[in-house]
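Here the structure comes first, spelled out in structure tokens, and everything after it is commentary.
Computed from heavy atoms alone, side chains included, the values below leave out hydrogens, waters and symmetry copies. Residue numbering restarts at 1 for every chain, and letters A, B, ... go by the order of the sequence lines.
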Amino acid sequence: MPELPEVETTRQGLLVALEGQVLQDVEVRVPALRFPLPADMATRLAGRTVTGIDRRAKYMLVALDDGQVLLIHLGMSGRMRVFAAGADRPPLEKHDHVIFQTDSGAEIRFNDTRRFGAMDLMAADEINSHPLLRDLGPEPLGNEFSGPVLAARLEGRRTPIKAALLDQKVVAGLGNIYVCEALYHANLSPRRSAHTVQGVRAERLVQAIRDVLRQAIAAGGSSLRDFRHADGELGYFQHHFAVYGRESEPCPRCAATQKATGCIRRLVQSGRSTFYCSRWQR
DNA sequence: ATTGGTTCCTGCTGGC
DNA sequence: TGCCAGCAGGAACCAA
């Protein structure tokens, strides 16, 4: 499930392959993603040079030499796979929806089993007003994210803190996995009403979010089912999950104090699994 | 304004 | 063994 660390890992892999390269040919095999790909996307991309790739939340923004920006979202099963010039290329798969060829002979395949991914084209000066980007909250790893900023965004919200953190308008880039992990490291119950996370609790949560995201990026993201790096390698942060997917196991801190007996519980909040330590998180 | 529920999609899993 | 219902999940959308 690509969240911020997986998107960042993908961005880094794509940047190595694409920066300064010319998109010689773009083939759209299946345009029906989350919404239809722009009908003229292949035409507008052909012959353009990639000048950079940025990331905003879970979106990659591929900058082109003519002032256009290609927005890419991986949805929940999207992958970008780079095949270097001259490298072996396995046959196209069922869910390889978009194929990019560079003039130096590299190929990039966008594969997305569940088709929740998205792509769009815009002008560089539209980035801040684009419907998918304009309402996003602060970047959790950016300077503008802090305890007071998060606290202000949680003020008056009666929804559980777990649900609030999944809302991309509160803070951008978190998904189910890293929200569970961050709440654990901040000792906060996922059920706690969002508006009660103020002051030192908000500071603690911001620190936990930043720490877990930084560590996950350093580990190349998490590979549960679908996620792979652009070169096909697996991320390994899944081995460092404290609570996610570990129902009825002891959490790391309970294990360390030897008071551990299946302290990790699972509950369902707004239709999604939440994992937490029943002893530490309040 | 905020919040909860529904929907899109496919592949895997569990129950009978 | 085989079938199908249920589930997973990011985020837009709708209704209350």
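From Asp96(A), atom CG reaches atom CZ of Arg109(A) across 5.5 Å, with rounding to the nearest 0.5 Å. Here CG of Asp112(A) is found 10.0 Å from CE of Met80(A). Values are rounded to the nearest 0.5 Å. From Ile127(A), atom CD1 reaches atom CE of Met122(A) across 6.0 Å, with rounding to the nearest 0.5 Å.
When the P atom of dT10(B) is taken as reference, atom CG of Leu33(A) falls 11 Å away, rounded to whole Å. Rounding to whole angstrom units, CZ of residue Arg191(A) and C1' of dG4(B) are separated by 17 Å. Here dT7(B) presents its P atom at 18 Å from CE of Met76(A), a figure rounded to the nearest Å. The interatomic distance linking Lys162(A) (NZ) with dT3(B) (P) rounds to 16 Å, in whole Å.
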The test is side chain to side chain contact (heavy atoms under 4.5 Å, CB included); show your working for Ile53(A) and Glu19(A) and say whether it passes. CA-CA 8 Å; Ile53(A) 307 179; Glu19(A) 190 171 32; over 6 Å; no
List the steps, then state whether salt bridge (Lys or Arg N to Asp or Glu O under 4.0 Å) holds for Arg56(A) with Glu139(A). CA-CA 7 Å; Arg56(A) 174 77 173 105; Glu139(A) 277 296 315; 2.9 Å; yes
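For DNA chain B, no neighbouring residue in residues 174-182 of chain A is found when judged by any heavy atom under 4.0 Å. For the contact set between residues 113-129 of chain A and DNA chain B, defined by any heavy atom under 4.0 Å, the members are Thr113(A), Arg114(A), Arg115(A), Phe116(A). Only Arg157(A), Arg158(A), Thr159(A), listed by number, bring a heavy atom of residues 149-161 of chain A to less than 4.0 angstrom from any atom of DNA chain B.
Under a hydrophobic clustering in which Ile, Leu, Val, Met, Phe, Trp and Tyr are joined whenever their side-chain heavy atoms come within less than 4.5 Å, directly or via other members, Leu33(A) and Leu14(A) fall into the same cluster. Residues Tyr178(A) and Phe116(A) fall within the same hydrophobic cluster, defined by Ile, Leu, Val, Met, Phe, Trp and Tyr side chains chained together at heavy-atom separations under 4.5 Å. Side-chain heavy atoms closer than 4.5 Å link hydrophobic residues (I, L, V, M, F, W, Y) into clusters, and following such links, possibly through other members, connects Leu45(A) to Val28(A).
Within 6.0 Å of atom CZ in Phe35(A), more than 12 heavy atoms from other residues, nucleotides or ligands are found, so the atom counts as buried in its surroundings. Heavy-atom neighbours of Arg191(A) CZ from other residues, nucleotides or ligands within 6.0 Å: at or below the threshold of 12. By the neighbour-count criterion of 12 heavy atoms within 6.0 Å, atom CG of Asp40(A) is densely surrounded, having more than that number from other residues, nucleotides or ligands.
Phosphate contact (OP1/OP2 of dG11(B), side-chain N/O of His95(A), threshold under 4.0 Å): present. Regarding contacts with the backbone of dT2(B), every side-chain N or O of Lys169(A) stays at 4.0 angstrom or more from both OP1 and OP2.
Cluster partners of Val22(A) are absent, since no Ile, Leu, Val, Met, Phe, Trp or Tyr has side-chain heavy atoms less than 4.5 Å from it.
Note on the helix from dT2(B)-dA16(C) to dC16(B)-dG2(C): terminal axis deviation equals 50°, with five pairs used at each end and the result rounded to 10°.
Judged by distance alone, the side chains of Lys162(A) and Asn176(A) do bring a donor and an acceptor atom under 3.5 Å apart.
In this structure, Arg246(A) fails the cation-pi test against Phe241(A), since its NZ or CZ atom is not both closer than 6.0 Å to the six-membered ring centre and inside 45 degrees of the ring normal. Both cation-pi conditions hold for Arg253(A) and Tyr184(A): the charged atom is under 6.0 angstrom from the six-membered ring centre and inside a 45 degree cone around its axis.
Counting any heavy atom pair closer than 4.0 Å across all strands shown, Ser273(A) reaches sugar-phosphate atoms only and no base atom. Contacts of Tyr244(A) with the nucleic acid, taken as non-hydrogen atoms under 4.0 Å apart, involve only primed sugar atoms and P, OP1 or OP2. Using a 4.0 Å heavy-atom cutoff across all strands shown, Leu74(A) reaches no nucleic acid atom at all.
Of all non-hydrogen atoms in Ala255(A) and Pro250(A), the two that sit nearest each other are CB-CB, 4.3 Å.
Using a 4.0 Å cutoff to heavy atoms of chain A, the contacted part of DNA chain C runs 5' to 3' from dA8(C) to dA12(C).
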